[in-house]
Amino acid sequence: MNKVMSIFKNTAVVTPFVAIIIGLLLGAIIMLIGGYDPILAYESLIIKIFGSSYDFGEALRTIVPLIMSGLAVAIAFRSGMFNIGVDGQIIMGSLGALIVGTQLSLPPLLHALTAIIFGALLGGMWGALVGYIKAKRGINEVITCIMLNFIALYISHIVIRTYMPQAGTQRSEMIHSSASIQIGWLSELMGGARIHWGFLIAILAVIFYHIYLNKTKWGYELRAVGLNPHAAKYAGMKVPNVMVRTMFISGVFGGLVGTFEVLGVFKYIAINSVTSGLGFDGIAVSLLGGNTALGVLLSAALIGGLTYGSQGMSFGAEVPGEIIRMVIAFIIFFVAAPGIVRLFLKPLQQKLKKKV
Amino acid sequence: MEIIGNLLNGTLVFSTAFIFAALGGLMSERSGVINIGLEGFMISGAFFSAITAYYAEMAGFGSFSPWLGLIGAVVFTAIFSSIHAIATITFKANQVVSGVVINILAASSTFFLVKMIFDGSAETPLLASVFHKLTIPYLSNIPFIGNVFFNAYPTTYIAIALVILLYFVLFKTSTGLRLRAVGEHPSAADTVGVKVNRTRYIAVILSGSIAALGGATIVLTSNGNFAFNTISGQGYIALAALIFGKWNPVGVMLASLFFGLAQAVKDQLQIFEFAARIPNEFFYMLPYVLTLIVLIGAVGKARAPKALGEPYEVGKR
């Protein structure tokens with residue numbers, strides 16, 4: 001019993017949960033004010049996620065890129081850098097996968113593998129460029145990232161329009177089926193939900209992230225630089241190398257998001273005037289997850305699940321799905337400012353104490 | 001010559017929004033509070049200007065309604081930006097996190113409200129009266145220069161006036177000195193009697209209001225209404241302009257003009273024959289590539305305010 005109680009007293013665990021509850025409650029209050037039915041809305045949200053095997057599969061598919069872009073942002077944060085350029089790294093990754101997927105003819109497994117690796121490397125290089133410019137020239141990574149996001153977007157448009165356009169449409173041609181990473185039998189089993197091997201890679205990436213950060217020399221250096229780059233330098237660590245290396249890994253994570261979306265989900269790239277925004281969602285995921293491996297996994301599941309379920313809300317309860325984005329913002333806000341949560345918690349904890 | 005004139009005139013139009021938003025960011029960051037939320041404040045400004053101007057039109061304010069739109073954007077976004085202030089200053093939340101929250105919250109709540117108010121519609125109704133270009137008598141008749149500088153939207157003049165005003169306040173008055181001191185060395189400022197947290201509150205709330213003018217500019221001059229894609233990335237470009245301009249009002253204006261020029265070039269280039277043979281995206285990309293090259297090559301290290309990102313705690317060294 002004491003152990004259970006101690007969990008409830010541990011603010012690091014309690015705060016996120018309370019934040020989620022307050023966030024959902026605030027969402028409900030806003031729905032009430034707007035004249036909507038919050039209970040019906042949340043009900044249709046849950047039904048949308050768990051209602052059918054197809055929906056559950058698609059919800060999982062929504063979570064996968066969030067795990068990866070969350071990890072991409074998180075690893076940069078841990079080294080003291082703000083990677084706001086994951087969107088660009090995703091684009092380079094998807095472009096790499098598209099080039100290999102459409103231009104080469106290889107046997108099935110090899111083709112997909114080559115496409116993934118090429119995309120990941122391209123994303124990694126795009127990330128490493130940010131680290132290199134910061135390490136060599138001391139230029140704030142935020143501005144480099146923003147510029148590289150736009151540059152990546154337009155490069156991909158030029159390449160697609162010049163070398164692999166689908167005539168008459170605003171998108172590229174399809175990849176060869178040999179490059180697909182969709183899991184055919186599982187998709188069929190789940191009513192056509194686009195389940196792909198990226199899910200497995202994402203789980204492996206979470207494990208890799210945990211081990212790399214906590215059990216390796218490079219990970220130790222990364223954290224040291226993140227906590228205090230000057231101290232790390234005087235301790236003999238090569239700070240520039242750490243920056244470039246970290247941003248490379250971050251970019252690989254981002255690039256993999258792009259390869260999954262192309263090889264596993266859409267099979268082509270649509271020419272949009274703006275970036276996907278998945279990288280910016282990754283910022284939310286990493287912040288909510290406290291930049292730890294498990295935290296990123298859980299918060300990606302929460303944010304991805306809520307986001308997918310919100311489509312059901314507009315359908316089932318005629319509530320604009322944007323309310324869920326607001327709820328997500330509230331949750332992150334309360335996690336970031338635990339002082340506010342404590343205001344809510346104090347009276348509650350005092351009541352608990354009285355009962356004991 | 002005429003093309004260059006049009007180009008420069010277009011530059012001013014596009015730059016205005018960037019100038020406002022980047023100046024907003026400057027206010028906050030000079031006081032030591034990171035403002036990733038510029039995009040969100042622009043969205044908020046765009047939304048509230050559209051709503052206020054729309055209802056002002058309904059109430060029969062006519063050509064005065066865009067001015068009320070501007071005021072609405074400033075006032076409501078000031079309230080909205082107090083969220084960022086409370087979170088980062090009073091509750092010492094991570095400033096980047098709070099800014100990200102501002103961006104998500106602004107985008108989601110404005111679309112939610114638009115759908116709620118206008119029965120599921122994804123955009124606000126088109127405004128009947130928006131700002132028109134102001135032609136300054138006599139001055140606008142000067143060949144070339146007249147068309148470029150004296151035939152612009154009123155918001156452009158406000159933006160440029162604000163640059164001069166902020167430069168003067170920041171570097172020539174004691175108020176400005178206090179603000180900068182709070183951003184550079186809060187405990188020293190505290191020691192000599194500057195109220196650190198109060199200064200930051202004012203700076204952050206002003207920051208939101210000024211950035212809101214940027215969003216309002218886009219609605220009240222070029223777009224004429226608010227939709228989900230009215231603001232798509234301009235706040236991040238403004239953030240880049242802030243860093244590129246080294247946290248200095250004049251530098252920020254020049255950087256904003258540069259990004260505005262890039263947008264204007266897009267519009268003007270279609271005229272030329274040689275441009276038709278090169279993919280358009282090449283020109284879209286050019287400004288960002290040039291910015292990177294300039295940053296890497298010439299400018300050297302931009303120095304952020306020293307206490308940027310650190311909540312102020314009394315007694316902390």
Side-chain angles (χ1 to χ4, degrees), chain A residues 30 33-36 77 82 84 129 133 136-140 142-158 161-162 271 273-275 280-281 283-284 287-288 314 318-340 342-343, chain B residues 34 36 39 83 86-88 90-98 100-116 120 228-229 232-233 236-237 239-244 278-292 295-297 299-304:
Chain A
I30 292 170
I33 295 171
Y36 303 108
F77 264 134
F82 183 28
I84 197 170
L129 193 58
I133 293 173
K136 285 287 169 220
R137 302 288 308 163
I139 292 161
N140 191 314
V142 171
I143 185 168
T144 321
C145 281
I146 294 171
M147 295 302 112
L148 285 177
N149 280 350
F150 285 105
I151 296 171
L153 180 70
Y154 295 128
I155 286 181
S156 78
H157 288 183
I158 294 173
R161 275 194 218 280
T162 321
I271 297 180
S273 58
V274 289
T275 55
F280 289 92
D281 288 346
I283 299 173
L287 295 175
L288 186 58
S314 41
E318 287 172 7
V319 181
E322 280 79 16
I323 186 80
I324 280 303
R325 300 288 294 175
M326 291 168 77
V327 169
I328 292 170
F330 293 143
I331 294 172
I332 301 169
F333 182 72
F334 290 128
V335 170
I340 299 176
R342 245 171 264 141
L343 288 184
Chain B
I34 299 174
I36 299 286
E39 177 93 352
I83 295 178
I86 294 170
T88 56
T90 305
F91 288 98
K92 300 185 171 55
N94 181 316
Q95 299 171 355
V96 172
V97 184
S98 176
V100 170
V101 169
I102 289 287
N103 288 339
I104 301 177
L105 198 58
S108 54
S109 57
T110 52
F111 308 154
F112 180 80
L113 285 171
V114 167
K115 279 185 183 167
M116 207 176 91
F228 73 96
N229 60 356
S232 51
Y236 294 105
I237 294 181
L239 192 64
L242 172 64
I243 301 170
F244 198 13
I278 304 170
N280 279 346
E281 282 90 356
F282 180 76
F283 297 107
Y284 298 177
M285 191 168 79
L286 213 55
Y288 308 113
V289 176
L290 282 177
T291 307
L292 266 188
L295 273 172
I296 296 168
V299 183
K301 221 167 181 171
R303 203 183 69 79

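Sequence lines set the chain letters: A, B, ... in the order given, protein chains first and strands last, and positions in each chain run from 1.
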Any chance you could measure [X], atom [atom1], to [Y], atom [atom2], to the nearest 0.5 Å?
X	Y	atom1	atom2	answer
B/Leu286	A/Tyr154	CG	OH	12.0 Å
B/Ile34	A/Phe82	CD1	CZ	8.5 Å
B/Ile237	A/Phe150	CD1	CZ	4.0 Å
A/Ile323	B/Lys115	CD1	NZ	11.5 Å
A/Ile146	B/Phe244	CD1	CZ	13.0 Å
B/Thr110	A/Met326	OG1	CE	9.0 Å

Top contributor to chain A interface from [options] [non-hydrogen pairs under 4.5 Å]:
options	result
B/Val100, B/Val96, B/Ile83, B/Leu292	B/Leu292
B/Ser109, B/Gly233, B/Ala87	B/Ser109
B/Ala93, B/Ala240, B/Ser108	B/Ser108
B/Phe112, B/Phe111, B/Phe282	B/Phe112

Side chain, backbone, both or neither: which part of [X] has a heavy atom under 4.5 Å from chain B?
X	result
A/Ile84	side chain
A/Phe334	neither
A/Ile151	both
A/Val327	neither

I need the minimum non-hydrogen distance between [X] and [Y], along with the two atoms involved.
X	Y	result
B/Met116	A/Tyr36	CG-OH, 3.4 Å
A/Ala337	B/Phe91	CB-CB, 4.0 Å
B/Val101	A/Ala329	CG1-O, 3.5 Å
A/Ala336	B/Val97	CB-CG1, 3.3 Å

Within 6.0 angstrom of B/Phe228 CZ, more than 12 heavy atoms from elsewhere: no
Residues which pass side chain to side chain donor-acceptor pair (under 3.5 Å) with B/Asn103, listed by chain and number, not counting sequence neighbours: B/Tyr236
Contacting moiety of B/Ile36, where chain A heavy atoms sit under 4.5 Å: side chain
Partner set under side-chain contact (heavy atoms from CB on, under 4.5 Å) for A/Lys136, not counting sequence neighbours: A/Tyr132
Pairwise side-chain contact, B/Ile102 with A/Phe333, heavy-atom cut-off 4.5 Å (strictly under): no
Among A/Leu153, A/Ile332, A/Ile158, residue most engaged with chain B (heavy-atom pairs, under 4.5 Å): A/Ile158
